[in-house]
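Reading through the structure tokens given below for one structure.
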There are 2 protein chains.
Amino acid sequence: MNECTLPSSLPEEVEQALLRCGGIEGFLRDLPKDHELLKRSALYRALADPIRLKILAMLRDQPLCVCIMKSILGIADSKLSYHLNVLKKAGLIEGGKRGSWIIYSITEAGREFV
Amino acid sequence: MNECTLPSSLPEEVEQALLRCGGIEGFLRDLPKDHELLKRSALYRALADPIRLKILAMLRDQPLCVCIMKSILGIADSKLSYHLNVLKKAGLIEGGKRGSWIIYSITEAGREFV
DNA sequence: TCTTAAATTCAAAGTATTATGAAATGTCAT
DNA sequence: ATGACATTTCATAATACTTTGAATTTAAGA
């Protein structure tokens, strides 16, 4: 599955450490699986923007409508919409209609990062 | 500092919530500062890649030389070097010479994300 | 119905990140 | 010195992400 040829010689301490965790096989076995790494990196990517972190912070204590977030952030509608969508896709916030407004709130998952 | 004009009317529940946290001024005061948001988003950006998360996982239990990481990841030297550098700049790993090898280890900061 | 406000969608432009291969650096052993 | 290996650096190409402004959708009120 994960074919890998080791270098012919290694630093002493690294060699030792590898033996201690069951050789290279044991070492590979304990690494997180690729789909897990992809999932986590996608989550971090959603968090990797100051505007989005600020949105999460704003939603910490109460849900808010887009228009308030817009006036506080001072950015264009479409830009805000883009970032809200990134956060929503990542499962960090969720939004629902309320009359002609759309109100976003933070999810459990999102709350871990405020 | 953060000039912002609020919408003329707001959803009832949002209006209430804003009052509860000291009006718009109180709300703004409690938000994280910009440099803080920038710092955190930079950290998340460094974590936003499966290869880099895998490197952190590999370093969890012991330091490793580049050659081992290369053979396990199966990627080009220069590519690995690039990602190691991203992690290093973010303060998540650190590397030191050991003979003709360079051995990387995880930092305290990095350990929080494995 | 007509108008207005709240949000989203879309395509194009702008910017940042990542991948690639060749060249360079430094270290060790011969 | 020379050769071999470990790693980095660099320029460039490829890809991904973000911004922008115009157009669209939807709901509410006159």
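Predicted model only: the values in this text are computed from it and were never measured. In what follows, every chain begins at residue 1, and chains take the letters A, B, ... in the order their sequences are listed. The figures that follow rest on heavy atoms only: side chains count, while hydrogens, waters and symmetry mates do not.
- Taking B/K89 as the reference, B/N85 meet the side-chain contact (heavy atoms from CB on, under 4.5 Å) condition, with sequence neighbours excluded.
- The side-chain contact (heavy atoms from CB on, under 4.5 Å) test applied to B/A42 returns B/R45, not counting sequence neighbours.
- Look at CD1 on B/I103: it is 19 Å from P on D/dC5, rounded to the nearest Å.
- For A/R52 (side chain) and A/A46 (main-chain N/O), a donor-acceptor pair under 3.5 Å exists by modelled atom type.
- Under the side-chain contact (heavy atoms from CB on, under 4.5 Å) criterion, A/S100 pairs with no residue at all, not counting sequence neighbours.
- Residues that satisfy the side-chain contact (heavy atoms from CB on, under 4.5 Å) test with B/R29, not counting sequence neighbours, are absent from this structure.
- Screening residues 15-26 of chain A for side-chain hydrogen bond (donor to acceptor under 3.5 Å, both in side chains), with sequence neighbours left out, gives A/E12-A/Q16.
- When the salt bridge (Lys or Arg N to Asp or Glu O under 4.0 Å) test is applied to B/D30, no partner is found at least two apart in sequence or on another chain.
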Next on the checklist: With side chain to side chain contact (heavy atoms under 4.5 Å, CB included) as the criterion, how do B/L92 and B/I106 come out once you've worked through the C-alpha distance, each side chain's angles and the decisive distance to 0.1 Å?
Outcome noted: CA-CA 6 Å; B/L92 297 168; B/I106 197 165; 6.0 Å; no

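- To the nearest angstrom, P of C/dA7 lies 8 Å from CH2 of A/W101.
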Checklist entry - Base, backbone or nothing for each nucleotide of nucleotides 24-30 of chain D, written B, S, -, heavy atoms under 4.0 angstrom, 5' to 3'? => result --SSS--

What does the list of N/O pairs under 3.5 Å between the protein and nucleotides 19-21 of chain C look like, with a distance for each?
unit_1	atom_1	unit_2	atom_2	d
C/dA19	OP2	B/H83	NE2	2.5
C/dG21	N7	B/S78	OG	3.3
C/dG21	O6	B/S78	OG	3.1

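- A/E13 meets the salt bridge (Lys or Arg N to Asp or Glu O under 4.0 Å) test with B/R98; sequence neighbours excluded.
- One atom, CG of A/L84, and another, C1' of C/dT8, lie 10 Å apart when rounded to the nearest Å.
- Apart from A/V86 itself, the hydrophobic cluster it occupies contains A/Y82, where clustering links Ile, Leu, Val, Met, Phe, Trp and Tyr at side-chain heavy-atom distances under 4.5 Å.
- Atom OH in B/Y104 sits about 15 Å away from atom P in D/dA6, given to the nearest Å.
- If you take CG of B/L64 and C1' of D/dA6, they are 15 Å apart, rounded to a whole angstrom.
- The separation between A/I68 atom CD1 and C/dA6 atom C1' is 13 Å, rounded to whole Å.
- Between A/L73 atom CG and D/dT20 atom P there is a gap of 13 Å when expressed in whole angstrom units.
- For the pair B/I102 CD1 and D/dT8 C1', the computed distance is 7 Å after rounding to whole Å.
- Residues from residues 39-47 of chain B with heavy atoms under 4.0 angstrom of DNA chain D: there are none.
- Under the salt bridge (Lys or Arg N to Asp or Glu O under 4.0 Å) criterion, A/D61 pairs with no residue, sequence neighbours left out.
- Side-chain atoms of B/S81 lie closest to D/dT8 of the nucleotides D/dA6, C/dA6, D/dT8.
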